[in-house]
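All residue numbers in this chain count up from 1 along the given sequence.
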Amino acid sequence: MELASHTVSAAAFIFKKGRLLLIHNPRKGWETPGGIIENGETLIAALKREIQEECGLCVEIQYLSSITSVVNSSKGYNGVKKILPLIIFDFVCECDQEEVILSEEHDDYCWVEIDQAFKLIRKDLLFRLESSLNKKIDFFGCTKEAETEVFEEIRVGE
């Protein structure tokens, strides 16, 4: 038996006064900030780094909203040839800043009402956005006990 190998990613649904931040990636369309965790980095440190790199914001992390498993590998970028299947940890964050400073990876941003966000984002983000609005943690395929254990582990990483 061969054990599965995954890449871990953290992403943020950033809200300011009820509006959601979307950033535009020319390769992927409208998305939310986030990315792959680097060696030696905690989940929360990676989330904060990705937010800072991609949009120059300081945020307050509110809660973990979902954990999603993407089973397909994908084409890499920035020197990485292949990205293994992903485990994505989504967090809801709040922000007071208005101005976004984009990375070279993105070419536009907007603060949008939720109904407009559902029309702009990619299909793979729809369910994750919906989960972020539920104000509860959505774990897929876990028991309540497992949910509690995973959440406590993530809280320790802050």
Side-chain angles (χ1 to χ4, degrees), residues 6-70 72-138 150-151 153-158:
H6 289 81
T7 299
V8 179
S9 177
F13 289 94
I14 302 173
F15 292 90
K16 183 179 78 62
K17 297 180 183 173
R19 296 169 70 106
L20 175 67
L21 174 65
L22 294 179
I23 53 180
H24 188 262
N25 182 321
R27 295 180 297 117
K28 300 178 186 176
W30 291 103
E31 60 186 12
T32 60
I36 295 171
I37 295 168
E38 296 175 358
N39 282 334
E41 210 171 30
T42 67
L43 187 63
I44 299 303
L47 178 70
K48 290 178 179 181
R49 176 187 51 76
E50 286 289 345
I51 293 168
Q52 186 61 231
E53 285 177 3
E54 293 187 355
C55 52
L57 297 175
C58 292
V59 301
E60 183 178 320
I61 300 169
Q62 300 294 308
Y63 57 91
L64 173 69
S65 60
S66 69
I67 300 174
T68 305
S69 179
V70 179
N72 298 321
S73 295
S74 60
K75 182 180 176 186
Y77 55 92
N78 289 345
V80 176
K81 293 180 182 176
K82 178 180 175 183
I83 297 174
L84 297 173
L86 285 171
I87 302 293
I88 305 167
F89 290 82
D90 287 316
F91 292 86
V92 170
C93 303
E94 289 285 334
C95 179
D96 291 331
Q97 294 172 251
E98 178 77 30
E99 184 182 355
V100 173
I101 302 168
L102 294 172
S103 69
E104 293 177 4
E105 187 179 345
H106 298 91
D107 61 6
D108 200 5
Y109 76 93
C110 58
W111 292 97
V112 297
E113 299 292 335
I114 298 305
D115 57 341
Q116 186 177 3
F118 278 106
K119 295 174 186 173
L120 292 173
I121 61 175
R122 306 182 315 258
K123 274 187 180 179
D124 63 302
L125 285 173
L126 292 173
F127 182 76
R128 293 167 51 203
L129 173 56
E130 195 170 281
S131 293
S132 77
L133 300 172
N134 288 335
K135 296 191 178 180
K136 66 180 183 70
I137 305 168
D138 283 331
V150 171
F151 183 72
E153 194 173 312
I154 289 167
R155 298 293 298 170
V156 170
E158 288 185 58

[X] side chain near [Y] side chain, heavy-atom distance below 4.5 Å:
X	Y	answer
F127	T68	no
T32	F91	no
S65	F89	no
I61	K48	yes

Check [X] against [Y] and note the closest heavy-atom contact, atom names and distance.
X	Y	result
H24	D107	ND1-OD1, 2.7 Å
I14	W111	O-CZ3, 3.7 Å
I37	R49	CA-NH2, 4.4 Å
P26	E105	CD-O, 3.4 Å
I121	L22	CG2-CD2, 3.6 Å
Y109	L21	CD1-CD1, 3.9 Å

Under 3.5 Å, is there a donor-acceptor pair linking the side chains of [X] and [Y]?
X	Y	result
E31	H106	yes
S66	D90	yes
Q62	E60	yes

Distance, nearest 0.5 Å, that separates [atom1] of [X] from [atom2] of [Y]:
X	Y	atom1	atom2	answer
C55	Q97	SG	CD	8.5 Å
L126	K119	CG	NZ	12.5 Å
W30	Q116	CH2	CD	9.0 Å
I67	R128	CD1	CZ	12.0 Å
L102	D108	CG	CG	7.0 Å

*Listed partners of E113 passing salt bridge (charged side-chain N to carboxylate O under 4.0 Å, His left out), at least two apart*: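 Result, salt bridge (charged side-chain N to carboxylate O under 4.0 Å, His left out) vs E113: R19.
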Counting N and O atoms only, with roles assigned by atom type, does the side chain of [X] sit under 3.5 Å from a partner on the main chain of [Y], one being a donor and the other an acceptor?
X	Y	value
E54	I51	no
Y63	C93	no
S9	G35	yes

*Hey, is CG on D96 packed in by over 12 heavy atoms from elsewhere, all under 6.0 Å?*
no
*For side-chain contact (heavy atoms from CB on, under 4.5 Å), just list the numbers for L20 and F13, CA-CA rounded to whole Å, side-chain angles, deciding distance to a tenth of an Å, and then say yes or no.*
CA-CA 7 Å; L20 175 67; F13 289 94; 4.0 Å; yes
_salt bridge (charged side-chain N to carboxylate O under 4.0 Å, His left out) evaluation trace for E94 with K16_ = CA-CA 6 Å; E94 289 285 334; K16 183 179 78 62; over 6 Å; no
*Pick out which of D115, L120, I114 makes a side chain to side chain contact (heavy atoms under 4.5 Å, CB included) with F118.*
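Result: among D115, L120, I114, I114 is the only option passing the side chain to side chain contact (heavy atoms under 4.5 Å, CB included) with F118.
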